[in-house]
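Please read the structure below before turning to the comments.
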Amino acid sequence: MAVSRTPFLAGNWKMNLDHLQAVAFVQKLHWSLRDAAHEDGSVEVGIFPPFTDLRSVQTLIDADRIPFSFGAQDVSEHDAGAYTGEVSAQFLAKLQVGYVIVGHSERRQYHNETDEVVGRKVQAALRHGVVPVICVGETAEDLEEHGASAVPAAQLVRALEDVAADADIVVAYEPVWAIGSGQAATPQQAQEVCAALRGVVAEALGPVTAERTRILYGGSVKAGNIAGFMREPDVDGALVGGASIVVDEFSAIVRYQKHVGV
Ligand code: PGA
């Protein structure tokens, strides 16, 4: 029997919005969804602000019982110690941070994060009950040379080495050429790679975990194209960058069911 996966619409704010702007943004997004009579629980709404915003966001969400999940954008592979500038998964867990983005292409590219580092960060998150959102994706050159799925699938194989079969993870397929470019993949391209990634999860963690694991598409997702992605059977949500810090745009993305025609 098919397991139903709750769609996950996640906003990766990247290095945008300070903690005061974050509080205003979360309130406005909440009001926008209320005004539009959005049904809480029909999808999971997640926001991924910078580290310095997390405490303020957690306090607001907790106090006003706002039904959003929140996560960090990176985590240390270590739990504690002499690692200046790093933030550990146990600190995130203490702040009720539910998720952490691991292996985003901007970290792979600008911070030399290798598949090995990504794998250790996945382990660190799981050790403390923080769900890793494992990002994989091919560059334009990879696409030309190896096709769409080969590189993301290989990255995911490495990230899942030593992960327990019953682990809670989220996977995000983010073609590097689609990030911030305005040129999203087609829904068919996203479906093809997300299906291949589900195969990788099945191989590594078994079919039951593969069936319940959410696989997101990311890369130039907007209110105008989200519906197409969400119609695909193996695309369970989106990791949204630029459009996630514009209240009306992200609110419309969250309400994609109103314009998806399923
Ligand atoms: P984008 O970014 O939506 O601005 O393309 C997506 C991401 O990097 O997660």
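Whatever order the structure lists them in is the order used to number ligands and atoms, beginning at 1. Residue numbers start at 1 and run along the sequence shown.
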| field | Any G219 heavy atom less than 4.0 Å to ligand 1 | value | yes

| query | Any idea how H30 and F68 line up, ring-wise: parallel (<30°), tilted (30 to 60°), or perpendicular (>60°)? | reply | perpendicular

| note | Between S149 and E192 the two heavy atoms that sit nearest each other are OG-OE2, 4.3 Å

| said: For atom 3 (O) of ligand 1, what's the nearest protein heavy-atom neighbour? Residue, atom name and distance, please. | reply: G241 N, 2.8 Å

| request: Report yes if the side chains of F51 and Q73 come closer than 4.5 Å at any heavy-atom pair, otherwise no. | output: no

| Which residue holds the protein heavy atom closest to atom 9 (O) of ligand 1, what is that atom called, and what is the gap in Å? | E174 OE2, 2.7 Å

| Does at least one non-hydrogen atom of A243 fall below 4.0 angstrom from an atom of ligand 1? | no

| field | Contacting atoms of ligand 1, where contact means under 4.0 angstrom from a heavy atom of H104 | value | 7 (C), 8 (O), 9 (O)

| Can you list the atoms of ligand 1 that are under 4.0 Å from a heavy atom of K14? | 2 (O), 7 (C), 8 (O)

| request: Check if K222 has a non-hydrogen atom at a distance under 4.0 Å from any atom of ligand 1. | output: no

| query | So which heavy atom in the protein is nearest atom 4 (O) of ligand 1, and how far is it from that ligand atom? | reply | G242 N, 2.8 Å

| field | Nitrogen or oxygen atoms of G180 and ligand 1 under 3.5 Å apart | value | yes

| field | ligand 1 contact on I179 by region, counting heavy-atom pairs under 4.0 Å | value | both

| Smallest separation among heavy atoms of V102 and K121, with atom names | CG1-CB, 3.7 Å

| Is there a donor-acceptor contact under 3.5 Å linking the side chains of E44 and T6? | no

| message | Is it the case that atom CD in E161 sees more than 12 heavy atoms from other parts of the structure closer than 6.0 Å? | response | yes

| What is the ring orientation for F25 with W13, classed by angle as parallel under 30°, tilted 30 to 60°, or perpendicular over 60°? | perpendicular

